[in-house]
Amino acid sequence: MKNIKILFQALLLSLFVVSCNDFLDELPDNRAELDNATKIRKLLVSAYPESTHALYTELSSDNVDDAGTSNPYGERIDSQMAYWEDVTETSNDDPLGAWESAYLAIAHANQALAAIEELGTPDNLLPEKGEALVARAYGHFVLVNVFCKHYNEQSSITDLGVPFLEDPETTLNPSYERGTVAEVYEKINADIENGLPLIDDSIYDVPSYHFNVRAANAFAARFNLYYQKWQKAKDYATAALGSNPANALRDWDALGNLPRTTTVVTNAYIEDNSNLLVQAYTSSMGVVFGAYYSGARFNHSRKIADEQTSLAPLPWNPTSSLSTFAHKFRPFNYAATNLDKSLLYKIPYRFEYTDPVAQIGYSKTILVPFTTDETLLVRAEANIMLGLFDAGLDDINTWSTNFYANPGTVTLADVNSFYNSLDYSSGTNITQKKELNPKFTVTAGDQENLIHYVLQCRRVLTLHEGLRWFDIKRYGIPVSRFLIGLNNAISVNAELEADDPRKALQIPQDVVSAGITPNPR
């Protein structure tokens, strides 16, 4: 169903072909000139990607098991993603879609910036300039973190980045260089710092559909966490959260008390005030992480839920599964022949008909890239990395007492006792504690145990959203792909090492064919 095009051809031929003589100086079609704020704002609606990497990165992570070849509810592309192969199949969730969509969003942001500059950058267009800069930064942030090695101070000055586009294209066959990860991060940082102060929520009818002030600060916090700028990550997170974060978090009580039906719960999830940015995507994620057989071969199983994620023990309940008592956002468990899914209902499924008579169209979903809950955990991690252990633990306690039913206040001694008692994954005897191999210093003892705790909290919070993959990259966490065989026998079918080059997902073959250097393998 996808109309697959090479990114740059699509951009050049449909958006930015410009005149080279007086005759062509007049617009040859009905495109509106971007000569006022209203038109520029309408263009900026398209400065956000409409395809997502989230299914790809979620299937690549340790949040899924392989139910085996006897399970017919899995596509070849799912297997390629789950086993870190270079993807050759196509779907709404393939890497080409994520690549093209991000660059198309960047192109719209650049066109808005060019129009604002042509108008003399008047004061009344500064909020639009701010949104365009932050949106451009976000598009590149997605690309560099999906398709490149993670940023680190040792090798990012030479690690392959992604082309950073700062101007509308004006030539038919431009040449692009990938640059380095460090260079991309520097330019993202400049766009954030130049754009964020200009953002003004008063220009938006629905602020959560745009990079409003709080959403932009949450993005800046996550970016700086990934950039290892701990103090800046903390400061931006605080700006997004306000003076009383507990009052800004999701109402998990209300969500957990809703009728346990997919539509009711997912609608409530995406409408909550804790959502800082809400975006619609063309994706089958709502089916894969919904009450359907589709996607059942590679999915979040009850075994993972019990041992590692939503039902796993935690420092305040170290000896038994959380399933032994109710907690606020209980997982929905599905067990049947060729069906083993343990799901948190937050990924809605929608269908957009392109031909209602023929009953064909596109699967859609709605994701929440930034929330107050996740931003609070960003601040917690930043505090821990700054050596402010009490402040970091206070943030985690604020989050956990809101998310879980009866966690109580966890002390540093509780955290140390719990994580010191766990071993890393070994064979099929797995726990939530993972081996950490970051390219920055994490000190053994209090700091390392608190990092284990905050990574676990984020893993549970962002289940099904694809964010776990980036923690795996940042902390050099190995991944074992477990195969569930006959009689539920568990074996390790493949492993991804701490610094495996496949953690930089391969750029699409169509883009390689257009002349962009592929990732080394």
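Everything quoted here is computed from the prediction, not taken from an experiment.
Side chain of Gln432 to backbone of Thr309: no donor-acceptor contact under 3.5 angstrom is found. Between the side chain of Lys433 and the main chain of Tyr419, a donor-acceptor pair closer than 3.5 Å is present. In this structure, the side chain of Asn299 engages the main chain of Val288 through a donor-acceptor pair within 3.5 Å. Proximity of a side-chain donor or acceptor of Arg178 to a complementary backbone N or O of Pro163 within less than 3.5 Å is not detected. Using a distance-only test at 3.5 Å, with no hydrogens or angles considered, no donor-acceptor pair links the side chain of Thr266 to the main chain of Pro348. Using a distance-only test at 3.5 Å, with no hydrogens or angles considered, a donor-acceptor pair links the side chain of Asn275 to the main chain of Tyr269. In this structure a side-chain-to-backbone donor-acceptor pair under 3.5 Å is missing from Gln279 to Val368. Although no hydrogens or angles enter the test, the distance criterion places a donor-acceptor pair under 3.5 Å between the side chain of His300 and the main chain of Ser342. With hydrogens and angles disregarded, a donor-acceptor distance shorter than 3.5 Å links the side chain of Ser60 to the backbone of Tyr56. Using a distance-only test at 3.5 Å, with no hydrogens or angles considered, a donor-acceptor pair links the side chain of Asp94 to the main chain of Gly97.
Note that OH of Tyr453 and OG of Ser400 are 4.5 Å apart. Values are rounded to the nearest 0.5 Å. Taking OH of Tyr281 as the start and CD of Glu50 as the end, the distance is 10.0 Å to the nearest 0.5 Å. Rounded to the nearest 0.5 Å, atoms CG (Leu436) and CD1 (Ile477) are 5.5 Å apart. To the nearest 0.5 Å, atoms OG1 (Thr375) and CZ (Arg379) are separated by 10.0 Å. Going from atom CG of Leu367 over to atom CE of Met285 covers 5.0 Å, rounded to the nearest 0.5 Å. From Lys129, atom NZ reaches atom CG of Leu44 across 13.0 Å, with rounding to the nearest 0.5 Å.
A side-chain donor-acceptor contact under 3.5 Å links Asn420 and Asn449. Ser155 and Asp159 share a donor-acceptor pair across their side chains, judged by distance under 3.5 Å alone. There is a side-chain donor-acceptor pair under 3.5 Å between Thr411 and Asp414. Remark: the Ser274 side chain and the Asp272 side chain contain an N/O donor-acceptor pair separated by less than 3.5 Å. Inspection of the Asn152 and Arg474 side chains reveals no N or O donor paired with an N or O acceptor under 3.5 Å.
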Hey, mind stepping through Ile116 and Leu119 against side-chain contact (heavy atoms from CB on, under 4.5 Å) and telling me if it holds?
-> CA-CA 5 Å; Ile116 292 168; Leu119 293 170; 5.8 Å; no
Lys503 and His150: CA distance, side-chain angles, deciding distance, side-chain contact (heavy atoms from CB on, under 4.5 Å) verdict | CA-CA 9 Å; Lys503 286 186 175 179; His150 189 76; over 6 Å; no
Between Val442 and Met385, is a side-chain contact (heavy atoms from CB on, under 4.5 Å) present by the stated rule, with each step listed?
-> CA-CA 8 Å; Val442 175; Met385 291 308 303; 4.2 Å; yes
What do the steps show when you test Lys439 against Glu153 for salt bridge (Lys or Arg N to Asp or Glu O under 4.0 Å), and what is the final call?
-> CA-CA 8 Å; Lys439 293 186 181 298; Glu153 294 182 349; over 6 Å; no
Does the pair Ile188 and Val184 meet the rule for a side-chain contact (heavy atoms from CB on, under 4.5 Å), with working shown?
-> CA-CA 6 Å; Ile188 292 172; Val184 175; 3.8 Å; yes
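Partner Asp62 forms a side-chain contact (heavy atoms from CB on, under 4.5 Å) with one of Leu496, Ile430, Val479 and no other, that one being Val479. With Lys234 as the fixed residue, the side chain to side chain donor-acceptor pair (under 3.5 Å) test singles out one of Asn224, Asp395, Asn383: Asn383.
Taking the six-membered ring where the residue is Trp, the centroids of Tyr138 and Phe370 are separated by under 6.0 Å. Ring to ring, Phe219 and Tyr236 are not that close: their centroids are 6.0 angstrom or more apart.
Below 30°, between 30° and 60°, or above 60°: for Tyr151 and Tyr227 the angle between ring planes is above 60°, a perpendicular geometry. Phe164 and His140 have parallel rings, their planes meeting at less than 30° on a 0 to 90° scale where 60° marks the start of perpendicular. Between Trp252 and Phe329, the two ring planes are tilted [angle within 30° to 60°]. Note on ring orientation: taking the six-membered ring where Trp is involved, the planes of Tyr226 and Phe470 are tilted (angle from 30° to 60°).
Around atom CG of Asn244, more than 12 heavy atoms belonging to other residues, nucleotides or ligands sit under 6.0 Å away. Annotation for Asn36: atom CG counts as buried by contact number, over 12 foreign heavy atoms lying within 6.0 Å. Around CD of Glu117, the count of heavy atoms belonging to other residues, nucleotides or ligands within 6.0 Å does not exceed 12. Counting heavy-atom neighbours within 6.0 Å of Tyr209 OH, excluding the residue itself, gives a total of 12 or less. Glu177 CD: 12 or fewer foreign heavy atoms inside a 6.0 Å radius.
Between Asp471 and Arg459 no salt bridge is recorded (no basic side-chain N to carboxylate O distance below 4.0 Å). With respect to Arg468 and Glu58, no salt bridge is recorded, no charged nitrogen being found less than 4.0 Å from a carboxylate O.
Here the side chains of Arg481 and Val64 are in contact, with some heavy-atom distance below 4.5 Å.
The heavy-atom pair separating Leu96 from Pro508 by the smallest distance is CA-CG, 3.5 Å. Closest approach of Ala248 to Thr372, counting heavy atoms only: O-OG1, 2.7 Å. Ile396 approaches Val454 most closely through the heavy-atom pair CD1-CB, 4.0 Å. Nearest heavy atom pair, residue Ala37 against residue Glu128, reads CB-OE2, 4.1 Å. Here the closest heavy-atom approach between residue Ile507 and residue Pro518 is recorded as CD1-CA, 3.9 Å. Nearest approach of Pro318 to Phe418, heavy atoms of both residues: CB-CD1, 3.6 Å.
Annotation: side chain to side chain donor-acceptor pair (under 3.5 Å) contacts involving residues 210-221, sequence neighbours excluded, comprise Glu131-His210.
Figure legend: cation-pi geometry between Arg250 and Phe403 absent, as NZ or CZ is not positioned both under 6.0 Å from the six-membered ring centre and within 45° of its axis.
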